[in-house]
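Right, one structure below, let's go through it.
Residue numbers start from 1 in every chain, and the chains themselves are labelled A, B, ... in the order their sequence lines are given, proteins ahead of strands. Everything quoted here is computed from the prediction, not taken from an experiment.
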Protein chains: 2
Amino acid sequence: MAVPGPDGRRARGDRRRRAILEATLRVVERDGVAGVSHRSVAREADVPPTSTTYYYATLDDLLIATLTWSADQMASSFRKVSLTPVAVARFIADAVGEHRGRTLAEYELYLLAARRPELRPAARRWISLMTEVIGPWDPVALRSLLAAVDGLLIQGLIADFPPMAEELEPVVSLLMLGG
Amino acid sequence: MAVPGPDGRRARGDRRRRAILEATLRVVERDGVAGVSHRSVAREADVPPTSTTYYYATLDDLLIATLTWSADQMASSFRKVSLTPVAVARFIADAVGEHRGRTLAEYELYLLAARRPELRPAARRWISLMTEVIGPWDPVALRSLLAAVDGLLIQGLIADFPPMAEELEPVVSLLMLGG
DNA sequence: CAACAACTTGAACGTCTGTTCCACTAGTCT
DNA sequence: AGACTAGTGGAACAGACGTTCAAGTTGTTG
């Protein structure tokens, strides 16, 4: 091949880049943002510490890249949720149950966006996605639904026992159908 | 005085304890939970580092005490809000505007509760308080309101420009009065 | 006054951190 | 083939960290 050409080095580099990102996300899930360091991520990804600094010069770069990538992932998984109260309730229950660690990670990075303007667009991605997906709703109703979903998620994270879809469903119903 | 007796030492100790707590909250507001260390708090409170470890042996003790105390404060400030859509909208707008730093601190500590069960009761305090204050509401409507307020707060924190009370008011209205 | 307890503080320990430097290998391009 | 460049990784730097220790002070109690 000629013009851009497949580059073996670059390909492997990209693979390692992604491995580092995935490792970072695992660290955040396990130990929180506080547990993220060049070295802890390097250990998790089983690469030398210099490798993490090579691809992400500063810790900020690493966290920003992780949030952006992670938000993209979550957004695309969101597209598959059908817009019925039952499905949305199920989604929330799974997020704070089965996928608790991942949701927690998401919210820690989310909150990080409050302090770093540059990652706010990524943090807001799922909001704008849902806005787009949900289509022609009353803006006020939409906003209250999005806010409530956020609240249900975060409250589900600090509950001793994560709520089940069945108890979430009436709340989501009220918000989506207006009583 | 005889039996329990006022103790000058203890009184000064309590004052310093509180000073350390206040300093911790300021550090969280300024630099986030990540910025909290025995030493940074000691600098902020203008006491030697050994003093912060004397009163709060581990960093966890310090953070737990700070969240508990801070949640108590926020809860009592909450009692003064009258339960009308306008007042609640105003409260939210102030929380993410004028008192942004404090609200941000609150949420960082809040999220910390997701990882440390022992501070969940403190984190949930404002929820149970509002539940008690608001009185005989439909549980489903109440839950959706509380969730939405949480969501509006957190979304207000990652907005480029904090929302104003006027734009919040219709949303709160819908939630409180049901459209 | 003596015994005690609450508190104070400087110094020090070992550990982990972000980051830099440099020597090196191995794909890519002309 | 030779020049170049992306990637690799060991070693080391100074700085911050949590926590402990031991020696002090000061207020309280019998």
DNA chain C nearest-nucleotide lookup for B/S51 and A/G35: closer to the 5′ end is B/S51

Residue A/R39, side-chain heavy atoms: nucleotide from C/dG10, D/dT8, C/dT19 that is nearest: C/dT19

Rounded to whole Å, the CG-C1' distance (A/L62 to C/dT19) equals 14 Å

From CZ of A/R17 over to C1' of D/dT8, roughly how many Å is that when rounded to an integer? 14 Å

Whole-Å distance between D/dC4 C1' and A/R10 CZ? 14 Å

Give B/Y54 one of three labels, base, sugar-phosphate or nothing, depending on what nucleic acid heavy atoms sit under 4.0 Å from its own. base

Using whole Å, report how far CG of A/L59 lies from P of C/dT20. 12 Å

Heavy atoms under 4.0 Å, any strand shown: does B/R43 hit a base, just sugar-phosphate, or nothing? sugar-phosphate

Cationic N near anionic O, under 4.0 Å, B/R26 to B/D31: no

Nearest-Å distance, CG (B/D14) to P (D/dG27)? 16 Å

Take the protein atom CG of A/D60 and the nucleotide atom P of C/dT17, then report the distance between them rounded to whole Å. 17 Å

A/E108 bridged to B/R115 by N-O distance under 4.0 Å: yes

Does a side-chain N or O of B/R16 approach OP1 or OP2 of C/dT8 to a distance below 4.0 Å, or not? yes

Closest-nucleotide mapping onto DNA chain C: is B/G13 or B/P49 further toward the 5' terminus? I mean the 5' end. B/G13

Decide, yes or no, whether a salt bridge links A/R17 with A/E22 under the criterion of side-chain N to carboxylate O below 4.0 Å. no

Out of D/dT8, D/dG27, D/dG18, whichever nucleotide has its closest atom nearest the side chain of A/Y55: D/dT8

With sugar-phosphate meaning primed atoms plus P, OP1 and OP2, does B/S37 contact a base, only sugar-phosphate, or nothing at under 4.0 Å between heavy atoms? sugar-phosphate

Mind checking A/T50 for me? I need base, sugar-phosphate or nothing, with any heavy atom below 4.0 Å counting as a touch. base

Tell me whether the count of non-hydrogen atoms from other residues, nucleotides or ligands lying under 6.0 Å of CZ in A/R18 goes above 12. no

Specify the separation, in whole Å, of atom CZ of B/R12 and atom P of C/dA6. 14 Å

Any base atoms under 4.0 Å from A/Y56, or only sugar-phosphate, or nothing? Heavy atoms, all strands. nothing

Does the pair A/E132/A/R79 count as a salt bridge with the N-to-O cut at 4.0 Å? yes

Whole Å only: how far is the NE2 atom of B/H38 from the C1' atom of D/dC21? 16 Å

